[in-house]
Chemist: 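Got a structure here, written out as structure tokens. Questions coming.
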Amino acid sequence: MMSTSRLLWSSMTITAALALSACSSPQDSTDASGDAQADGSAGKTLRIATEGAYPPFNYTNADGSLAGYDIDVANALCEQMQAKCEIVAQEWDGIIPGLLAQKYDAVVAGMSITPERQEKVDFTEPYFANTMVWLTDTQGSFDPMVIKNLTLGGQRSTTPGAYLQDNYDGKDGNSVQLYDNYDNAYLDLKSGRSDAVLAEKVSAKSWLKDNPDGFGMIGDEIDNDDNIAIAVRKGDPLRDDFNKALSEIRSNGKLASLEKANFGQ
């Protein structure tokens, strides 16, 4: 699970025209390479999972519809690939198991690339980079430089959650409480059941818009080289299709436009 963090984008341009060149005439190959997006996903329906509980990346509206940056990115990629998006909500803890069980084709859910996840799935090139921040009561005594005898909150199965467990749980009198989603972590912070929450900056800023009184981000941002990407099953050529489409919406400014629309400057 942002100020200006360095974005580690590498270029992967893979086209279906290369795959077709071995079995088509020179004229056919030229035609295929001239297509806006000639890949195996064109015309298909791609079933994509998101969490629906991680604003502003993804959230569920009152009418049950899904919205947020991840949903906008998924739709933009499907449009670029000339495919149809069918986006479904899946609880975070079951999102990778559901992908491996072929309940859907890809995960677009603010998911960070980690070595543990890379053992199970393949990731595309990143489409966003995160930093982490401490969120706490601004009238309290929390000092990010001296964290002792505190209850710290976060979301399980996330990079901030792992960071909390590795650096603070059971150390210097601290305890870590991890939740199914950030909404529950923020509720316990607001009620005083935890002293601070470690979260991605974008998530923290989103919550502060609705809870501006008495809470804020304290201390420096923590850059832990957290890059967000799309997950697909191991060896799935869909990754190449996504990477090509990502490169194109980055080049034409669409990705930057979606970032601004969802996160501001």
Chemist: Return the minimal non-hydrogen interatomic distance between I95 and E51, and the atom names on each side.
Modeler: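 It is CD1-N, 4.2 Å.
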Chemist: Looking only at non-hydrogen atoms, find the nearest pair between N58 and G110 and report the distance.
Modeler: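 Looking at all heavy atoms of both residues, the shortest contact is ND2-N, 4.3 Å.
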Chemist: Between Y168 and W134, how do the two ring planes meet: parallel, tilted or perpendicular, split at 30° and 60°?
Modeler: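 Rings of Y168 and W134: perpendicular, over 60°.
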Chemist: Same cluster or not: Y179 versus L150, using hydrophobic residues (I, L, V, M, F, W, Y) connected whenever any side-chain heavy atoms lie under 4.5 Å apart?
Modeler: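 The answer is no; the residues belong to distinct hydrophobic clusters.
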Chemist: Do L258 and V73 have side chains that approach each other closer than 4.5 Å (heavy atoms only, starting at C-beta)?
Modeler: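 Yes, side chains in contact.
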Chemist: Might you point out which heavy atoms bring E125 and A229 nearest each other, and give the distance in Å?
Modeler: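 Of all heavy-atom pairs spanning E125 and A229, the closest is O-CB, 3.8 Å.
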Chemist: Checking side-chain polar atoms at under 3.5 Å, does Y186 have a donor or acceptor matched by the opposite partner on N211?
Modeler: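 The answer is no; no qualifying pair exists.
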Chemist: Quiz question: by atom type and distance under 3.5 Å, do the side chains of Q80 and K254 form a donor-acceptor pair?
Modeler: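 Note: Q80 and K254 side chains miss the donor-acceptor criterion.
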Chemist: About how many Å separate OG1 of T136 and CG of L189, when rounded to the nearest 0.5 Å?
Modeler: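 Spacing of CG (L189) from OG1 (T136) equals 6.0 Å.
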Chemist: Looking at D169 and V176, would you say the former's side chain and the latter's main chain have a donor-acceptor pair under 3.5 Å?
Modeler: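 At least one qualifying donor-acceptor pair exists.
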Chemist: For the residue pair R239 and F123, what are the closest heavy atoms and their distance?
Modeler: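 So the two residues come closest at CD-O, 3.0 Å.
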Chemist: Between D105 and R47, is there a side-chain N and carboxylate O pair less than 4.0 Å apart?
Modeler: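 Salt bridge between D105 and R47, a charged N being under 4.0 Å from a carboxylate O: no.
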Chemist: Contact between F242 and M81 at the side-chain level, heavy atoms closer than 4.5 Å - yes or no?
Modeler: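 Answer yes - side chains close enough.
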Chemist: Can you confirm whether more than 12 heavy atoms, excluding those of K84, are under 6.0 Å from its NZ atom?
Modeler: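 Atom NZ in K84 is not crowded, with 12 or fewer foreign heavy atoms closer than 6.0 Å.
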Chemist: Decide if atom NZ of K234 counts as having more than 12 heavy atoms of other residues, nucleotides or ligands within a radius under 6.0 Å.
Modeler: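 Count over threshold, so yes.
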Chemist: Does any part of the side chain of I228, heavy atoms only, come nearer than 4.5 Å to the side chain of S112, both counted from C-beta?
Modeler: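 Touching, per the 4.5 Å side-chain cut-off.
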Chemist: With a 4.5 Å heavy-atom cut-off, do D180 and W92 have their side chains touching?
Modeler: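 With C-beta onward as the side chain, the pair stays apart.
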Chemist: Does the side chain to side chain contact (heavy atoms under 4.5 Å, CB included) test come out yes or no for T114 and T159, once each step is laid out?
Modeler: CA-CA 8 Å; T114 67; T159 47; 3.8 Å; yes
Chemist: Is it true that a side-chain atom of R233 and a backbone atom of L99 form a donor plus acceptor pair closer than 3.5 Å?
Modeler: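 Yes; judged by distance alone, with no hydrogens or angles, the pair exists.
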Chemist: Side-chain contact test, heavy atoms from C-beta onward, threshold under 4.5 Å: evaluate it for I230 versus L77 and give yes or no.
Modeler: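 A side-chain contact exists here, since the closest heavy-atom pair is under 4.5 Å.
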Chemist: A side-chain contact here means heavy atoms from C-beta on lying under 4.5 Å apart; do Y182 and P160 qualify?
Modeler: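 A side-chain contact under 4.5 Å exists here.
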Chemist: Out of curiosity, S194 OG to D137 CG, how far, rounded to the nearest 0.5 Å?
Modeler: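 So the OG of S194 and the CG of D137 are separated by 10.5 Å.
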Chemist: Hey, does the side chain of S257 reach the backbone of G253 with a donor-acceptor pair shorter than 3.5 angstrom?
Modeler: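 Flag not set: sc S257 to bb G253 has no pair under 3.5 Å.
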Chemist: Between atom OH of Y59 and atom OG of S203, what is the distance when rounded to the nearest 0.5 Å?
Modeler: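 Those atoms lie 13.0 Å apart.
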Chemist: Are the ring centres of F215 and W207 closer than 6.0 Å?
Modeler: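 F215 vs W207: aromatic centres under 6.0 Å.
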Chemist: Which distance, rounded to the nearest 0.5 Å, do you find between the CZ of R117 and the CE of M111?
Modeler: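 The distance works out to 5.0 Å.
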Chemist: Go through the steps to decide whether Y69 and L255 satisfy the test side chain to side chain contact (heavy atoms under 4.5 Å, CB included), and finish with yes or no.
Modeler: CA-CA 10 Å; Y69 179 63; L255 189 63; 3.4 Å; yes
Chemist: R193 versus T151: any side-chain heavy-atom pair under 4.5 Å?
Modeler: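 R193 does not reach T151 side chain to side chain.
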Chemist: When rounded to the nearest 0.5 angstrom, what distance separates OG1 in T158 from CG in N181?
Modeler: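 Between T158 OG1 and N181 CG, I get 11.0 Å after rounding to 0.5 Å.
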Chemist: For D188 and N184, what are the C-alpha separation, side-chain angles and deciding distance, and is it a side chain to side chain contact (heavy atoms under 4.5 Å, CB included)?
Modeler: CA-CA 6 Å; D188 268 10; N184 290 332; over 6 Å; no
Chemist: Indicate the atoms forming the closest heavy-atom contact of L178 with G161, along with that distance.
Modeler: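 Nearest heavy atoms, L178 then G161: CD2-CA, 3.9 Å.
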Chemist: If only atom types and distance count, is the side chain of K205 paired as donor or acceptor with the main-chain N or O of M217 below 3.5 Å?
Modeler: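 No, the answer is negative, given that no donor and acceptor are paired below the 3.5 Å cut-off.
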Chemist: Answer yes or no: is there a donor N or O on one side and an acceptor on the other, between the side chain of N243 and the main chain of L246, under 3.5 Å?
Modeler: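 No, because the side chain of N243 does not come within donor-acceptor range (under 3.5 Å) of the backbone of L246.
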Chemist: Rounded to the nearest 0.5 Å, how far apart are CD of Q90 and CD1 of I96?
Modeler: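 The CD1 atom of I96 is 11.0 Å from CD of Q90, to the nearest 0.5 Å.
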Chemist: Inspect the surroundings of CD in Q118 and state if more than 12 heavy atoms from other residues, nucleotides or ligands are less than 6.0 Å away.
Modeler: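 Yes, because the 6.0 Å sphere around CD of Q118 holds more than 12 heavy atoms from other groups.
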Chemist: Can any side-chain N or O of T138 pair as donor or acceptor with the backbone N or O of G214 at less than 3.5 Å?
Modeler: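 It does hold such a pair.
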Chemist: Measure centre to centre between the rings of F57 and F263, then say whether the value is under 6.0 Å.
Modeler: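 Yes; F263 has its ring centre under 6.0 Å from that of F57.
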Chemist: Can you check whether L187's main-chain N or O pairs, donor with acceptor, with S191's side chain at less than 3.5 Å?
Modeler: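 At least one qualifying donor-acceptor pair exists.
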Chemist: Give a yes or no answer on whether the side chain of N174 reaches the backbone of K171 with a donor-acceptor pair at less than 3.5 Å.
Modeler: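 Checking the backbone N and O of K171 against the side chain of N174, a donor-acceptor pair under 3.5 Å is found.
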Chemist: How close do G68 and N262 get, heavy atom to heavy atom, and via which atoms?
Modeler: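 In terms of heavy atoms, the two residues are closest at C-OD1, 3.4 Å.
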Chemist: State, with a plain yes or no, whether a side-chain heavy atom of D70 is found less than 4.5 Å away from one of Y127.
Modeler: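 They are in contact (side-chain heavy atoms under 4.5 Å apart), so the answer is yes.
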Chemist: Of V121, D241, L238, V107, which meets side-chain contact (heavy atoms from CB on, under 4.5 Å) against V232?
Modeler: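 The side-chain contact (heavy atoms from CB on, under 4.5 Å) with V232 is passed solely by L238 among V121, D241, L238, V107.
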Chemist: Starting from the C-alpha separation in whole Å, work towards a yes-or-no answer on side chain to side chain contact (heavy atoms under 4.5 Å, CB included) for F142 and I147.
Modeler: CA-CA 7 Å; F142 178 80; I147 299 178; 3.9 Å; yes
